[in-house]
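Worth knowing before you read on, the calculation uses all heavy atoms, side chains too, and leaves out hydrogens, waters and symmetry mates. Note that ligands are numbered from 1 as they come in the structure, with each ligand's atoms numbered from 1 the same way.
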Amino acid sequence: MVNERNKKLGEARSVIREIFEYGNARKQQIGADKVFDFSIGNPGVPAPPEVNEEIVRLTTTMPSLALHGYTSAAGAPEVREAVAQYIRTAFGVPVTAEGVYMTCGAAASLTITLNALCEPGDEFVVITPCFPEYIVFIESAGGKVVPAACDERFHLDMGALDAAIGAHTKGVILNSPNNPTGAVYTREELSALAALLARKSEERGAPVFLIADEPYRELTYGAAVPYPMAYYPHTIVCYSFSKSLSLAGERIGYIAVSPQCENAQDVFSAVCGAGRALGFVCAPALFQRVVAKCLGHSGDIEEYRKNRDLLLGTLTACGFECVPPEGAFYLFVKSPEPDAAAFCERAKKYELLLVPSDGFGVKGYVRISYCVERAVIERSIPAFRALAKEYGLLK
Ligand code: PLP
């Protein structure tokens with residue numbers, strides 16, 4: 001009667017959402033200050049002042065019909081030009097407005113790109129652990145997911161990638177800074193990846209596309225974030241302002257197709273066609289114009305850094321094993337027992353809401369999202385200590 005696949009997707013909320021909803025219910029029962037919800041990646045610092053200033057400026061100076069009406073499907077021309085100009089200046093790659101397509105955030109950027117590229121039999125490689133929705137997006141586009149594990153420091157494992165990329169690989173999704181590990185891939189890693197993809201493209205006789213999912217680009221703690229398009233020609237950047245400008249609910253981002261992609265014009269036409277087929281019509285008109293004036297800005301990253309340092313210090317002192325995150329706002333912690341879901345259940349006893357790693361495609365870890373108010377972390381310290389004691393990590 002209905003599409004079974006979609007029915008299942010609708011019934012089974014993501015694990016992250018499930019825990020988030022549990023946290024909301026629990027807060028109602030025992031009080032918000034007693035629950036330590038580290039489940040979701042909703043930015044915890046306000047949008048930078050430029051965002052509100054631009055909203056006020058636009059809504060008071062631009063005629064309402066012009067401001068709120070449909071834009072061209074790919075975005076308002078002046079916004080596409082501003083994005084292209086920013087990319088050229090910031091990263092030294094020759095992107096033009098004709099290669100920029102405004103979207104409703106990274107989720108839309110990814111679904112449109114995958115639908116634009118995917119033909120029957122195509123495979124897409126994801127580096128695990130990975131953002132769980134990649135699986136939904138790839139399979140919904142008709143593709144097959146092929147995982148390639150990262151190394152033990154959460155960086156690229158070239159051997160695993162070499163083994164995963166084959167004759168049917170249409171693309172590789174790269175996410176740096178990474179959700180859930182916080183890894184930021186280095187220039188050397190991008191060079192090695194570019195060389196591998198070039199070799200694989202040659203063997204395949206067609207490009208293996210690099211799909212760079214970049215919602216956390218600006219959120220780093222000192223690590224440089226090399227621009228993938230500068231390393232590899234067949235690159236499509238899927239950007240979002242959700243995290244950098246704390247605009248997650250406003251749904252705004254873009255796709256940038258490298259002009260150096262093989263058949264770049266066709267790739268861009270397929271992006272436009274996929275956006276049309278998926279019914280996106282155009283990205284939110286007001287926010288297209290707002291972000292055009294805030295390119296390269298971000299919320300106060302220092303707040304995230306302080307959260308990271310406090311949490312990392314606390315967990316390390318408790319005896320938990322963590323790799324310091326270089327960017328984004330997640331800490332990926334080794335579960336002290338092999339079953340991460342069982343560990344999360346035990347953590348719940350102390351009102352600590354953590355996400356087991358199984359949904360990210362690996363076992364034995366938990367993700368802690370630290371884009372929360374500092375007070376939540378401060379109040380949670382005794383709970384983490386009690387949990388560590390239960391596992392004998394702390395005397
Ligand atoms: N990609 C990654 C790695 C993410 O972490 C997220 C959101 O958390 C998204 C894509 C989707 O972002 P958006 O809210 O811009 O759709």
Inset, instruction - Determine whether the side chain, the backbone, both or neither of Tyr216 has a heavy atom under 4.0 Å from any heavy atom of ligand 1. - result: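 Side chain only.
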
Legend entry - Location of contacts on Ser240 toward ligand 1, heavy atoms closer than 4.0 Å: side chain

For ligand 1, which atoms sit closer than 4.0 Å to a heavy atom of [X]?
X: Ser242; result: 13 (P), 14 (O), 15 (O)
X: Asn175; result: 3 (C)
X: Asp213; result: 1 (N), 2 (C), 3 (C), 10 (C)
X: Ala107; result: 11 (C), 13 (P), 16 (O)
X: Asn179; result: 3 (C), 4 (C), 5 (O)
X: Tyr134; result: 3 (C)
X: Gly105; result: 15 (O), 16 (O)

Inset, instruction - Report yes if some heavy atom in the side chain of Val372 is under 4.5 Å from a heavy atom in the side chain of Asp37; otherwise report no. - result: no

Inset, instruction - Flag the pair Lys170 / Val208 as yes when at least one side-chain heavy-atom distance between them is below 4.5 Å, and no otherwise. - result: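 Counting from C-beta outward, Lys170 and Val208 never come under 4.5 Å.
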
How close does the nearest protein non-hydrogen atom get to [atom], and which residue and atom is it?
atom: atom 6 (C) of ligand 1; result: Phe131 CZ, 3.4 Å
atom: atom 16 (O) of ligand 1; result: Arg251 NH2, 2.7 Å
atom: atom 12 (O) of ligand 1; result: Ala106 CB, 3.5 Å

Inset, instruction - May I ask whether Gly253 has any heavy atom positioned less than 4.0 angstrom from an atom of ligand 1? - result: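 It does not, in that no heavy atom of Gly253 comes within the 4.0 Å cut-off of ligand 1.
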
Inset, instruction - Assess Lys243 for proximity to ligand 1: is some non-hydrogen atom of it under 4.0 Å away? - result: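 True for this residue.
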
Less than 4.0 Å between a side-chain N and a carboxylate O, is that true for [Y] and [X]?
X: Glu302; Y: Arg305; answer: yes
X: Lys363; Y: Glu337; answer: no
X: Glu378; Y: Arg374; answer: no

Legend entry - Rounded distance [0.5 Å steps], CG in Leu352 versus CZ in Phe38: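 One gets 6.5 Å once the value is rounded to the nearest 0.5 Å.
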
Legend entry - Gap between atom CD1 of Ile135 and atom CD of Glu133 - 0.5 Å precision: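 Here the interatomic distance stands at 9.5 Å.
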
Legend entry - Closest approach of Leu315 to Leu331 (non-hydrogen atoms, all atoms of both residues):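 Minimum heavy-atom contact is CD1-CD2, 3.6 Å.
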
Legend entry - Ala248-ligand 1 polar pair, N/O distance under 3.5 Å: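 There is no such contact.
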
Legend entry - Plane angle bin for Phe91 and Tyr227 - parallel if under 30°, tilted between 30 and 60°, otherwise perpendicular: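 Plane angle under 30°, so parallel.
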
Inset, instruction - Please confirm whether Lys334 makes a cation-pi placement over Tyr365, using NZ or CZ under 6.0 Å from the six-membered ring centre and within 45° of the ring normal. - result: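 Yes; both conditions hold, so Lys334 lies above the ring face of Tyr365.
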
